[in-house]
2 protein chains.
Amino acid sequence: MGRIKYDKIYEDLKKKIELEVYGYQQLLPSENNLIKEYTCSRNTLRRAVAQLASIGYVQSLHGKGVCVIYEQHKKPGFMLGDVESFKEASIRNSRENKTEVVHFSELTADEVLSRKTGIPAGTEIYYIQRVRFMDRQALIIDHNYYRKDIVKGLTLEIAENSIYEYIENELNEKVVTTKRIITVEKATEDDFRYLNLQDYNCVAVISNYTYNAEGIMFEYTQSRHRPDYFIFFGQAQRIKNT
Amino acid sequence: MGRIKYDKIYEDLKKKIELEVYGYQQLLPSENNLIKEYTCSRNTLRRAVAQLASIGYVQSLHGKGVCVIYEQHKKPGFMLGDVESFKEASIRNSRENKTEVVHFSELTADEVLSRKTGIPAGTEIYYIQRVRFMDRQALIIDHNYYRKDIVKGLTLEIAENSIYEYIENELNEKVVTTKRIITVEKATEDDFRYLNLQDYNCVAVISNYTYNAEGIMFEYTQSRHRPDYFIFFGQAQRIKNT
DNA sequence: TGGTATTTGTCCGTATGTATC
DNA sequence: GGATACATACGGACAAATACC
């Protein structure tokens, strides 16, 4: 991590903010001072700061300085705002995690599936259903659809571990962009069977469309979450001045 | 809109992608060609392209080009991924909209409220409850908490229209950053009373923390959405290389 | 009220590295 | 190897907002 200069600066500032070296609602040192500290150019520093702003850690105030708006006690428990696998998120939160594959098949996309997933009809795909456990609680059901021509040689063993790891390390495919849609849906029979929904009759649904470094969509995943454990973090800057 | 050079270029490219001048999975013209076309520097162009990538329109492929991954038919019906008011979103989707204020009071934040909203205890605040209609359907209940020392002189009439417009145009406060948390919660009595929930027993909840140009949080809003009309769009790039 | 220094915002030009074809 | 294309990094110039005297 952080082989690149602006990324090192970003990581360093981020850590210092989290450790409250730079506290909430205080200003960072001025650009000129930070440039001296990191011996870098203005652009490089500004890029690092822009990244901090994009994750909601700081906010630039023209003519004044850069203000810290990160609050320690509001730290996300289970954050999904990044492109991050279930395994990665579990590890980051140091929770015990397990994945159980409940369905594994190969099929050809028809018109109906194509409209739902965006994968062209006629494409050969893997269809996998997985239940995700954290601390022995069934929290998520994943429905994964992978293009067979890109994600070659998927097996049940791989699906039980981390498909992301397989894609990135074995196949050397780079996951670059994920588009995401969040909705709330009525719980299905499968949802009731696998998740302990208590008296909830809905689930939180995240639909993911994942693109590789060639710019083609090779995965569609629908993650159905137990509502009481679901939380999603977003962050936005206002740009328009209409 | 678009008084600034990189913003004009961004808007122009965005429009061309939406009009499919540059179609899905095609490459944009190379940086050098676009630089000539817009007579701008490399940095300026790259900044515009970076913005397009951040909204999921394009994806850069090192050594190859910039690939369009925007798909016309998947355009969001009711998108809330930006910092955007209900009124703005309604207009953008050209729907009839109405806001009904069902509660308006002034109070002082106590410990309980402070923990929930992040507003310091002891602060004077406006508390407003509003029901949002679109096409005559009650879709959202908003619980707004505004700091009285910053959002001065709020009235019921303003709340019925758009508080954002008032803040930005009348008070000249700039809304800069919004942090957002999405959860699913059991429906309350109020939810059942105001929204037509049918047999859903949950609502989608968006909690907003809004910061002004001074870097201080002046608004907390909890928006409780009817599940069948709720949709949220996100977008993420993978950065880490661990 | 006004002038000056500080700080961030925009924009440009150039050099070098790295991936693809 | 060579051409093309994107990525990183540096340095400088001017504008705009703010703070201070």
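Letters A, B, ... mirror the listed sequences (proteins, then strands); counts begin at 1.
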Go through it in stages, so that I can follow the logic: the residues are Asn208(A) and Glu219(A), the test is side chain to side chain contact (heavy atoms under 4.5 Å, CB included), and I'd like the CA-CA distance, side-chain angles, deciding distance and then a yes or no. CA-CA 8 Å; Asn208(A) 280 304; Glu219(A) 176 196 357; 5.6 Å; no
Between atom [atom1] in [X] and atom [atom2] in [N], what is the gap in whole Å?
| X | N | atom1 | atom2 | answer |
| --- | --- | --- | --- | --- |
| Arg46(A) | dA9(D) | CZ | P | 16 Å |
| Asn43(A) | dA13(D) | CG | P | 14 Å |
| Arg47(A) | dA7(D) | CZ | C1' | 7 Å |
| Leu45(B) | dA7(D) | CG | C1' | 13 Å |

Go through the structure and list residues passing salt bridge (charged side-chain N to carboxylate O under 4.0 Å, His left out) with Arg46(A), not counting sequence neighbours. Glu31(A)
Residue list, salt bridge (charged side-chain N to carboxylate O under 4.0 Å, His left out) with Lys16(B), at least two apart or on another chain: Asp12(B), Glu37(B)
Listed partners of [X] passing side chain to side chain contact (heavy atoms under 4.5 Å, CB included), at least two apart:
| X | result |
| --- | --- |
| Leu154(A) | Phe104(A), Tyr126(A), Ile128(A), Tyr146(A), Val151(A), Ile158(A), Ile163(A), Tyr166(A) |
| Ala121(A) | Glu111(A), Ser114(A) |
| Ser105(A) | His103(A), Leu107(A), Tyr127(A) |
| Glu160(A) | Val101(A), Leu156(A) |

State, to the nearest 10°, the angle formed by the axis through the first five base pairs of the helix from dG2(C)-dC21(D) to dC21(C)-dG2(D) and the axis through its last five. 10°
Among pairs that include at least one residue of residues 116-125 of chain A, which meet salt bridge (Lys or Arg N to Asp or Glu O under 4.0 Å), considering only residues two or more places apart or in two chains? Glu124(A)-Lys148(A)
Are the side chain of Gln59(B) and the backbone of Asn212(A) linked by a donor-acceptor contact shorter than 3.5 Å? yes
Glu18(B) bridged to Lys14(B) by N-O distance under 4.0 Å: yes
The ring pair (Phe, Tyr, Trp, His ring centres under 6.0 Å) partners of Tyr22(B) (sequence neighbours excluded) come to none
Option passing side chain to side chain contact (heavy atoms under 4.5 Å, CB included) with Leu113(A) (candidates Thr123(A), Ile119(A), Ile125(A), Thr108(A)): Ile125(A)
Would you kindly compare Ser41(B) and Glu214(A) by the position of their nearest DNA chain C nucleotide and give the one closer to the 5′ end? Ser41(B)
Between the protein and nucleotides 14-17 of chain D, list every N/O to N/O distance that falls short of 3.5 Å.
residue	atom	partner	partner atom	Å
dA16(D)	N3	His62(A)	NE2	3.0

Within residues 27-38 of chain B, residues whose heavy atoms come under 4.0 Å of DNA chain C: none
Give the first and the last nucleotide of DNA chain C, reading 5' to 3', that has any atom under 4.0 Å from a heavy atom of chain B. dT10(C) to dC21(C)
Does a nitrogen or oxygen in the side chain of Thr44(A) sit under 4.0 Å from OP1 or OP2 of dT8(D)? no
Heavy atoms only: give me the nearest Gly23(A)-Val68(A) pair and the separation to one decimal. O-CB, 3.3 Å
